[in-house]
Amino acid sequence: MKEILFLWAIYSVFLFTEATAASGSVELDEYSFDKVISKFKAVLVKFDVAFPYGDKHDAFVALAKDSKDVEDLLVAEVGVKDYGEKDNEALAKKYGATKDNFPIVKLFIKGKSEPLPFDESKGFTVDELRRFVREKTGLYLSLPGCIKELDKLAAKFIKADTEQRKEILKETINSIAKVAEKDSVSSKIYKLIMEKTLEKGDDFTKLENERVKKLLTGKISDEKKKELGIRLNILQSFQPLDGPNKVGREDL
């Protein structure tokens with residue numbers, strides 16, 4: 001019986017190591033944590049049980065895969081054991097993570113003394129994780145429905161003066177002509193937001209963002225919810241991302 005349990009323990013460790021490596025996230029412990037964290041502009045860390053599973057873990061793994069090409073962002077996991085040597089338990093407690101609230105996700109930004117907590121009240125999903133990282137760091141992580149080329153123009157548009165915005169709108173219209181048919185709905189939203197911002201001013205994106213969020217809380221069809229979700233994602237591309245928490249937009 002002891003031999004079977006021993007072999008199962010070895011197999012479990014192997015599975016966890018393989019899963020972590022395959023996910024694109026890095027496994028950290030109390031010895032490597034500070035050394036690794038200090039090397040990146042932004043590090044997203046999930047504190048969880050030693051052998052995580054379930055929808056939340058799957059969402060985190062998906063985010064890790066999606067961000068594999070973002071050099072300034074590291075996605076990492078700290079596996080905590082509440083038995084034996086209780087590996088990483090003290091490290092987790094330092095950041096407010098215990099077995100009673102696992103998993104907990106924290107965003108460490110270089111230059112800030114305290115990490116930012118991920119608020120899962122809107123859902124612990126890959127989309128919400130993407131929004132969180134993108135909003136708090138300014139690093140580019142594509143959201144569903146977004147088009148990278150048009151996201152670049154949106155970033156330029158929001159920083160430009162009125163005359164420059166008119167030229168960027170023309171550039172956007174030219175870019176839309178090259179966009180594949182499958183992205184035609186999304187591309188029209190970029191154009192519409194630019195036109196409405198020129199017409200109504202910078203408050204438009206903020207008010208539209210609030211309006212869409214309010215609609216999403218109501219009773220709507222799945223198709224409409226998906227459409228509004230895409231609009232909300234594109235609106236985020238027009239949000240200023242040069243505040244005190246931001247690490248730059250060079251990834252865009």
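Predicted model only: the values in this text are computed from it and were never measured. Counting from 1, the numbers follow the sequence of the chain as shown.
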Pair Arg211 + Glu208: basic N to acidic O under 4.0 Å: yes
Among Met194, Lys196, Lys188, the one residue meeting side-chain contact (heavy atoms from CB on, under 4.5 Å) with Leu192: Lys196
Exceeds 12 heavy-atom contacts within 6.0 angstrom, atom CD of Glu199: yes
Worked verdict on Arg165 versus Asp202 for salt bridge (Lys or Arg N to Asp or Glu O under 4.0 Å): CA-CA 12 Å; Arg165 285 179 175 183; Asp202 287 341; 2.7 Å; yes
Derivation and outcome, side-chain hydrogen bond (donor to acceptor under 3.5 Å, both in side chains), residues Arg131 and Asn233: CA-CA 8 Å; Arg131 288 192 186 97; Asn233 290 342; 2.6 Å; yes
For the student: nearest non-hydrogen atoms of Ile230 and Gly145, plus distance: CG2-CA, 3.9 Å
Ion pair Glu223/Lys226, N-O distance below 4.0 Å: no
Sole candidate of Leu232, Asp127, Ile234 that passes side-chain contact (heavy atoms from CB on, under 4.5 Å) when paired with Pro144: Asp127
For Phe132, ring pair (Phe, Tyr, Trp, His ring centres under 6.0 Å) partners two or more places apart: Phe118
Check against side chain to side chain contact (heavy atoms under 4.5 Å, CB included), Val49 and Val80: CA-CA 5 Å; Val49 295; Val80 183; over 6 Å; no
Ring centers of Phe204, Phe238 separated by less than 6.0 Å: no
Criterion side chain to side chain contact (heavy atoms under 4.5 Å, CB included) on Tyr190 and Cys146, from CA distance to verdict: CA-CA 9 Å; Tyr190 286 92; Cys146 289; 3.5 Å; yes
Salt-bridge criterion met for Glu128 and Lys122 (N-O under 4.0 Å): no
Leu207 with Ile158, same ILVMFWY side-chain cluster at under 4.5 Å: no
Worked verdict on Thr172 versus Leu150 for side chain to side chain contact (heavy atoms under 4.5 Å, CB included): CA-CA 7 Å; Thr172 299; Leu150 299 185; 4.1 Å; yes
Same apolar cluster (I L V M F W Y, side chains within < 4.5 Å links), Leu215/Ile220: yes
salt_bridge(Glu210, Lys213) N-O dist < 4.0 Å: no
Short side-chain to backbone donor-acceptor contact, Asp151 and Ser237, under 3.5 Å: no
Stepwise side chain to side chain contact (heavy atoms under 4.5 Å, CB included) test for Val43 and Leu107: CA-CA 6 Å; Val43 184; Leu107 179 62; over 6 Å; no
Side-chain donor/acceptor of Thr197 to backbone N/O of Ile193, under 3.5 Å: yes
Lys39 and Asp72 ion-paired at < 4.0 Å: no
Nearest-0.5 Å distance, CD1 of residue Ile37 to CD1 of residue Ile109: 11.5 Å
Over 12 foreign heavy atoms within 6.0 Å of CG, Asn101: yes
Residues which pass side chain to side chain donor-acceptor pair (under 3.5 Å) with Glu171, listed by chain and number, not counting sequence neighbours: none
Glu85 bridged to Lys81 by N-O distance under 4.0 Å: no
Return a table of donor-acceptor pairs under 3.5 angstrom between the side chains of residues 89-100 and protein atoms on other chains or two or more places apart.
from: Thr98; atom 1: OG1; to: Asp100; atom 2: N; distance (Å): 3.2

Check: Leu143 main-chain N/O paired with Arg130 side-chain donor or acceptor under 3.5 Å: no
Same apolar cluster (I L V M F W Y, side chains within < 4.5 Å links), Val133/Ile104: no
Residue pair Glu163, Lys166: steps toward the salt bridge (Lys or Arg N to Asp or Glu O under 4.0 Å) verdict: CA-CA 5 Å; Glu163 291 306 312; Lys166 290 177 181 178; 3.5 Å; yes
Whether Arg134 side chain and Leu141 backbone form a donor-acceptor pair below 3.5 Å: yes
Side-chain (Asn88) to main-chain (Asp29) donor-acceptor, under 3.5 angstrom: no
Side-chain (Ser67) to main-chain (Val70) donor-acceptor, under 3.5 angstrom: no
Steps toward salt bridge (Lys or Arg N to Asp or Glu O under 4.0 Å) verdict (Arg231, Glu227): CA-CA 6 Å; Arg231 183 178 290 263; Glu227 178 189 325; 5.0 Å; no
Neighbour count above 12 (heavy atom, 6.0 Å) for Lys106 NZ: yes
NE2-CD distance between His57 and Glu77, expressed to the nearest 0.5 angstrom: 5.0 Å
Linked, directly or transitively: Ile173 and Phe157 (ILVMFWY side chains, under 4.5 Å): yes
